[in-house]
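Written below as structure tokens is the structure these notes are about.
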There are 2 protein chains.
Amino acid sequence: MNRIDSVNNPKIKAWAKLSRKKERDASGLFCAEGEHLVKEALAAGIVEVILTLGRIPFDFANVIEVSPQVLSKLSSSVSGTDVIAICRMEEKPVLKKERLLLLDGVQDPGNLGTLIRTAQSFGYDAVYCSRETCDFYNDKVIRSTQGALFHIPVFRIDLEELCRSLQGEGITVIATTLRSACPLKQLKRPAKHALILGNEGSGVSEVLQSLADERVRIEMDGFESLNVAAAGGIMMYELTVQ
Amino acid sequence: MNRIDSVNNPKIKAWAKLSRKKERDASGLFCAEGEHLVKEALAAGIVEVILTLGRIPFDFANVIEVSPQVLSKLSSSVSGTDVIAICRMEEKPVLKKERLLLLDGVQDPGNLGTLIRTAQSFGYDAVYCSRETCDFYNDKVIRSTQGALFHIPVFRIDLEELCRSLQGEGITVIATTLRSACPLKQLKRPAKHALILGNEGSGVSEVLQSLADERVRIEMDGFESLNVAAAGGIMMYELTVQ
């Protein structure tokens, strides 16, 4: 097993830059921290190299033992970690298009990660993010997906164009909104759907609301305020579980 | 209108300590930041004093104009704020007990806040937190509740004792779990319920699971992993909306 102790090692310096989106995009690499995420990344076959403090609970060829200083230079976690995997971004193929999630400007990394995790748990086929949506290789997003990001195809794309194209393929586009919308329990479930969720403050854009085949609202009692990840969970559950 | 410019003013120094739980508990006060939260706190009648940079969009008697330095000393937000309200913690009465939410060791402030917000939106009557659950006057919790915390009764209590007492009152206790549980869609809705959600890592404790009248699971497709705030949203929606 190789060993790196110095934070000035050129490889370590290069990997430390992966905390920046620009460097991730340029190199096609990102970091996954902690045992759970590293296991999920290994299962997805996207790991380049594992950096660890010494204990190696993983069956993988390319492992480098590093000093605590090196690991903490690469770590984004405040509480520290004992293992980090350097992973390849890989565009996963969309195998079918029965359940799609479209995110229109979701800003909070925790919300984005939670939505990707929920989509994977309810058997969604892909997640499409608008260009204004937060970067999905952000470390907080990855942590919030609990590894779902390594398994479900996720793209950044123009949603207006995408919606028109999906409609051409017979997929029903559903937008969540508060006004002049069908109560969720009364929605007739389409055979194939693309569900659009919007920005935390402003919701789904007017353009996409008009474009949608269905406008749906979650029935509430008074306060009428839901976090987008909670709303997304409710919508995906209702649309997929009989 | 009064004015305070110095961060060394004794009042400012005292209020700055409200970022610590111990000081909040000792004084019975906490901070609400930003226009939306201040409005919700005013609507709830719990505001002691409003500190602002000058513009006063609120109709309230006790307003102090402060310098940007003073406001940033009191603010927990990285992006800054232009208004903060010093508020009183007030124990709100539980008017009825038809829909109750019990949180067993929820650790993440964002999750806790989101769950309180969702409970208020689905007409829950109260939220009971175990002693291990994160402090609900934590600034991140308050932000995530979007002000719901000022309207719904929230308590810290021993959940085991509470469950036994609720069962004595004819309230059905429902625990979320992954094993030997009834699929949510098949659950017969009780007239009155107390829904228990658990810790992010370990779920609802064994003791509470055994104590519960019903054990319920959310039907999933493969990944089998949901954030507790997303799971809570799904459960509360299903239990309350016809």
Side-chain angles (χ1 to χ4, degrees), chain A residues 34 36 40 43-44 98-99 107-125 140 143-152 178 183-186 200-201 217-242, chain B residues 34 36 40 43-44 79 98-99 108-125 140 143-152 178 183-186 200-201 217-242:
Chain A
H36 175 77
E40 291 289 338
E98 290 175 9
R99 302 169 180 182
Q107 285 302 302
D108 180 82
N111 286 340
L112 177 57
T114 300
L115 285 164
I116 292 172
R117 176 180 177 188
T118 306
Q120 170 73 357
S121 289
F122 288 126
Y124 273 64
D125 303 310
K140 281 187 202 144
R143 216 176 312 136
S144 299
T145 71
Q146 288 281 307
L149 178 65
F150 311 149
H151 304 296
I152 188 172
L178 284 173
L184 177 55
K185 286 277 183 197
Q186 290 169 36
E200 287 84 352
R217 66 177 173 81
I218 294 172
E219 308 86 333
M220 279 177 272
D221 217 10
F223 196 62
E224 296 276 330
S225 166
L226 282 180
N227 165 281
V228 65
I234 294 166
M235 298 282 306
M236 287 188 253
Y237 178 76
E238 276 301 300
L239 282 165
T240 59
V241 178
Q242 305 293 337
Chain B
H36 175 77
E40 291 289 338
S79 52
E98 289 175 9
R99 302 170 179 181
D108 180 81
N111 286 340
L112 177 58
T114 301
L115 285 164
I116 292 172
R117 177 180 177 188
T118 306
Q120 170 74 357
S121 288
F122 288 125
Y124 273 65
D125 303 310
K140 283 187 200 142
R143 216 176 311 136
S144 299
T145 71
Q146 289 281 308
L149 179 65
F150 311 149
H151 304 296
I152 188 172
L178 285 173
L184 177 56
K185 286 276 182 197
Q186 289 170 36
E200 286 85 350
R217 67 177 172 81
I218 294 173
E219 308 84 333
M220 279 177 273
D221 218 9
F223 196 63
E224 298 274 329
S225 166
L226 282 179
N227 164 280
V228 64
I234 294 166
M235 298 282 308
M236 287 188 254
Y237 178 77
E238 276 301 299
L239 283 165
T240 59
V241 178
Q242 303 293 336

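Protein chains get the first letters and strands the later ones, always in sequence-line order, with residue 1 at the start of each.
Closest heavy-atom contact between Q242(A) and K185(B): O-CG, 3.7 Å. Scanning all heavy atoms of the two residues, the minimum distance from A230(A) to A229(B) falls at CB-O, 4.2 Å. Residues E219(A) and F122(B) approach most closely at O-CE2, 3.2 Å, considering heavy atoms.
By a heavy-atom distance cut of under 4.5 Å, G233(B), I234(B), Y237(B), E238(B), V241(B) are the residues of residues 231-241 of chain B near chain A, going up by number. Residues of residues 108-121 of chain A placed with any heavy atom under 4.5 Å of a heavy atom in chain B are listed by number as T114(A), R117(A), T118(A), Q120(A), S121(A).
Legend: residues meeting side-chain hydrogen bond (donor to acceptor under 3.5 Å, both in side chains) with H151(B), ordered by chain and number and at least two apart, are E40(B). Every residue two or more places apart in sequence or in another chain was checked for a side-chain hydrogen bond (donor to acceptor under 3.5 Å, both in side chains) with R217(A), and none qualifies.
In this structure, the portions of L184(B) lying under 4.5 Å from any heavy atom of chain A include both its backbone and its side chain. Heavy-atom distances place both the backbone and the side chain of A148(A) under 4.5 Å from chain B. Both the backbone and the side chain of Q146(A) come within contact range of chain B, judged by heavy atoms closer than 4.5 Å.
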